[in-house]
Enquirer: 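Here's a structure for you.
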Amino acid sequence: MLNVRKIVKKDQFIALCADSKEEGESLLGVVKWLSDRLKKGVIVFTCSEDGKEWVGSLGHPYAALKGSWADAVEAMPTAFNVVLAVAAFSPHAPRKSMGNPRQLLENFKESKVAYLAVPAEGTSWGEGITHPKVALTLDHQRKSKEKLLWASYMARFCGGEIDVYHLAYRDADFRRRLENNIKYLDKVFGSLGIGYRLHALEGGNQYGHPDRQTVKDVEYDLFISLVEGQRDRDLLDVLLPSESLRLLRTTEKPILFLNQRDDLYVMCD
């Protein structure tokens with residue numbers, strides 16, 4: 001069941017994703033904070049069996065769908081002009097619910113839009129925050145164009161203060177490639193007039209994952225992470241929890257996830 005009331009008034013939307021009325025109500029503050037600053041509309045999505053009984057009570061256009069969350073996520077950018085999805089997560093959520101960290105990542109693994117995972121116990125995020133501390137990492141492997149783009153949105157529209165972290169590489173080739181990525185960062189942020197702070201992570205393994213160490217060691221309000229692509233995972237990776245799942249099991253703060261895709265949908269700005 002769809003209700004597209006008022007949708008024509010906005011070009012792009014933030015999707016609130018919920019399995020229950022209570023979950024939807026708990027996310028409204030976060031979504032409203034983002035909607036006000038990013039100047040996007042709000043649309044509520046649910047795939048729960050009783051969704052049509054409560055989804056309209058949240059006061060926004062909605063889509064109560066009978067299919068799977070994966071199908072809903074696939075339709076978001078093309079059918080509804082969604083550029084950002086928001087969902088709550090909890091390590092205590094039932095296995096098949098949207099809020100279960102593993103299930104959330106499974107539902108969004110093919111997503112063409114960014115998705116913000118917010119701890120269910122901390123869904124008042126955004127209240128009273130005027131300059132959120134936004135953290136992200138650079139490594140020696142890729143330039144992470146999409147991460148830098150979303151960091152720029154948070155700085156320009158949400159007053160975010162950007163902190164960029166990297167491992168203290170001892171390998172000369174790793175350092176050279178990291179320096180090239182920092183030059184790219186300077187170029188992107190310089191063209192937009194955005195400042196940032198660069199930090200080398202202390203200790204740790206230069207062959208480790210900088211996201212995990214950053215989430216564990218530093219203070220931030222929002223972390224931006226690029227989800228590893230399936231083609232980048234070997235047999236051992238398949239047997240172990242993904243880096244994204246490790247992050248959700250580690251943090252009690254929101255994480256903005258971006259899939260590694262060539263067709264990600266971004267905001268009009």
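Position 1 is the first residue of the sequence, and the numbers go up from there. On a predicted model such as this, the values are computed, not experimentally measured, just so you know. These numbers come from the heavy atoms of this one structure, side chains and all, not from hydrogens, waters or symmetry mates.
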Enquirer: Before you tell me yes or no, could you show the steps for Tyr265 and Asn81 under side chain to side chain donor-acceptor pair (under 3.5 Å), namely the whole-Å CA-CA distance, both residues' side-chain angles and the distance that decides it to 0.1 Å?
Expert: CA-CA 9 Å; Tyr265 283 67; Asn81 290 333; over 6 Å; no
Enquirer: Give, for atom CG of Leu38 and atom OH of Tyr153, the distance between the pair rounded to the nearest 0.5 Å.
Expert: 9.5 Å
Enquirer: At what distance, to the nearest 0.5 angstrom, does NZ of Lys66 lie from CG of Asp71?
Expert: 14.5 Å
Enquirer: Within the 4.5 Å heavy-atom criterion, are Leu256 and Leu84 side-chain neighbours or not?
Expert: yes
Enquirer: Without swapping roles, check the side chain of Glu161 against the backbone of Ala155 for a donor-acceptor pair under 3.5 Å.
Expert: no
Enquirer: Judged by atom type as modelled, is there a donor-acceptor pair below 3.5 Å linking the side chain of Ser90 to the main-chain atoms of Ala120?
Expert: no
Enquirer: Quiz question: by atom type and distance under 3.5 Å, do the side chains of Thr251 and Tyr220 form a donor-acceptor pair?
Expert: yes
Enquirer: Please step through side chain to side chain contact (heavy atoms under 4.5 Å, CB included) for the pair His209 and Ser225, ending with a clear verdict.
Expert: CA-CA 11 Å; His209 200 292; Ser225 180; 5.6 Å; no
Enquirer: List the residues meeting salt bridge (charged side-chain N to carboxylate O under 4.0 Å, His left out) with Asp163, not counting sequence neighbours, and say none if there are none.
Expert: Arg197
Enquirer: Can you check whether Pro91 reaches Arg249 side chain to side chain, under 4.5 Å on heavy atoms?
Expert: no
Enquirer: Does the side chain of Gln103 come within less than 4.5 Å of Met98's, by heavy atoms?
Expert: no
Enquirer: Which atoms form the tightest heavy-atom contact between Ala72 and Cys47, and what is the distance?
Expert: CB-SG, 3.9 Å
Enquirer: Could you tabulate the donor-acceptor pairs under 3.5 Å formed by side-chain atoms of residues 128-138, not counting sequence neighbours?
Expert:
unit_1: His131; atom_1: ND1; unit_2: Gly159; atom_2: O; d: 3.0
unit_1: Thr137; atom_1: OG1; unit_2: Lys147; atom_2: NZ; d: 3.4
unit_1: Thr137; atom_1: OG1; unit_2: Asp211; atom_2: OD1; d: 2.4

Enquirer: Give the minimum heavy-atom separation between Asn259 and Leu264, together with the two atoms involved.
Expert: O-CD1, 3.3 Å
Enquirer: Nearest 0.5 Å please: distance from the CZ atom of Arg177 over to the CG atom of Asp139.
Expert: 9.5 Å
Enquirer: For Asp186 and Tyr196, does a side-chain donor sit closer than 3.5 Å to a side-chain acceptor?
Expert: yes
Enquirer: So does Arg212 get a backbone contact from the side chain of Arg246, meaning a donor-acceptor N/O pair under 3.5 Å?
Expert: no
Enquirer: Please check if any side-chain donor atom of Tyr207 sits under 3.5 Å from a side-chain acceptor atom of Asp171, or the reverse.
Expert: no
Enquirer: Contact between Tyr165 and Asp217 at the side-chain level, heavy atoms closer than 4.5 Å - yes or no?
Expert: no
Enquirer: Between Asp50 and Glu53, is there a donor-acceptor pair closer than 3.5 Å when you use the side chain of the first and the backbone of the second?
Expert: no
Enquirer: Go through the steps to decide whether Lys145 and Trp150 satisfy the test side chain to side chain contact (heavy atoms under 4.5 Å, CB included), and finish with yes or no.
Expert: CA-CA 9 Å; Lys145 177 181 178 182; Trp150 271 95; over 6 Å; no
Enquirer: Can you tell me if Arg102 uses its side chain to pair, donor with acceptor, with the backbone of Arg95 under 3.5 Å?
Expert: no
Enquirer: For side chain to side chain contact (heavy atoms under 4.5 Å, CB included), just list the numbers for Thr46 and Glu23, CA-CA rounded to whole Å, side-chain angles, deciding distance to a tenth of an Å, and then say yes or no.
Expert: CA-CA 10 Å; Thr46 187; Glu23 193 172 66; over 6 Å; no
Enquirer: Using modelled atom types and a 3.5 Å cut-off, is there a donor and acceptor pairing between side-chain atoms of Ser35 and backbone atoms of Lys32?
Expert: no
Enquirer: Taking C-beta and beyond as the side chain, do His166 and Arg175 meet within less than 4.5 Å on heavy atoms?
Expert: no
Enquirer: Please identify each residue that fulfils side-chain hydrogen bond (donor to acceptor under 3.5 Å, both in side chains) with Thr214, with sequence neighbours left out.
Expert: none
Enquirer: Take Leu245 and Leu105, measure what side chain to side chain contact (heavy atoms under 4.5 Å, CB included) needs, and give me the verdict at the end.
Expert: CA-CA 7 Å; Leu245 183 55; Leu105 292 170; 3.9 Å; yes
Enquirer: Does any N or O in the side chain of Asn181 come within less than 3.5 Å of the main-chain N or O of Arg176, such that one atom is a donor and the other an acceptor?
Expert: no
Enquirer: Identify the two heavy atoms, one from Leu104 and one from Ala87, that lie closest to each other, and give their separation to 0.1 Å.
Expert: CD1-CB, 3.9 Å
Enquirer: Please round to the nearest 0.5 Å and tell me the distance separating atom CD of Gln260 and atom CD of Glu146.
Expert: 8.5 Å
Enquirer: Quick one: does Arg170's side chain have a donor or acceptor within less than 3.5 Å of a partner on Gln206's backbone?
Expert: no
Enquirer: As an exercise, state the distance from CZ of Phe45 to CG of Leu65, rounded to the nearest 0.5 Å.
Expert: 6.5 Å
Enquirer: Do Lys96 and Asn100 have side-chain heavy atoms sitting under 4.5 Å apart?
Expert: no
Enquirer: According to side-chain hydrogen bond (donor to acceptor under 3.5 Å, both in side chains), who are the partners of Trp69, at least two apart in sequence or on a separate chain?
Expert: Asp19
Enquirer: Mind checking whether Phe13 and Met76 have side chains closer than 4.5 Å, heavy atoms only?
Expert: no
Enquirer: Do other residues, nucleotides or ligands put more than 12 heavy atoms under 6.0 Å from Glu74 CD?
Expert: no
Enquirer: Does some side-chain heavy atom of Leu222 sit less than 4.5 Å from a side-chain heavy atom of Leu116?
Expert: yes
Enquirer: Under the rule for side-chain hydrogen bond (donor to acceptor under 3.5 Å, both in side chains), what residues qualify as partners of His140, not counting sequence neighbours?
Expert: Tyr169
Enquirer: How close do Ser242 and Glu228 get, counting heavy atoms only, and between which atoms?
Expert: CB-OE2, 3.0 Å
Enquirer: CG/Leu28 to NE2/His60 distance, rounded to the nearest 0.5 angstrom?
Expert: 5.5 Å
Enquirer: Check whether any side-chain N or O of Ser244 sits under 3.5 Å from a backbone N or O of Val227 as a donor-acceptor pair, and report yes or no.
Expert: no
Enquirer: Against Phe89, only a single residue in Pro101, Pro254, Ser97 fulfils side chain to side chain contact (heavy atoms under 4.5 Å, CB included); can you say which?
Expert: Pro101
Enquirer: Identify the two heavy atoms, one from Ala88 and one from Leu27, that lie closest to each other, and give their separation to 0.1 Å.
Expert: N-CD1, 3.8 Å
Enquirer: Under the side-chain hydrogen bond (donor to acceptor under 3.5 Å, both in side chains) test, which residues partner Trp33, sequence neighbours left out?
Expert: none
Enquirer: Which heavy-atom pair separates Leu167 from Asn205 by the least distance, and what is that distance?
Expert: CD1-O, 3.6 Å
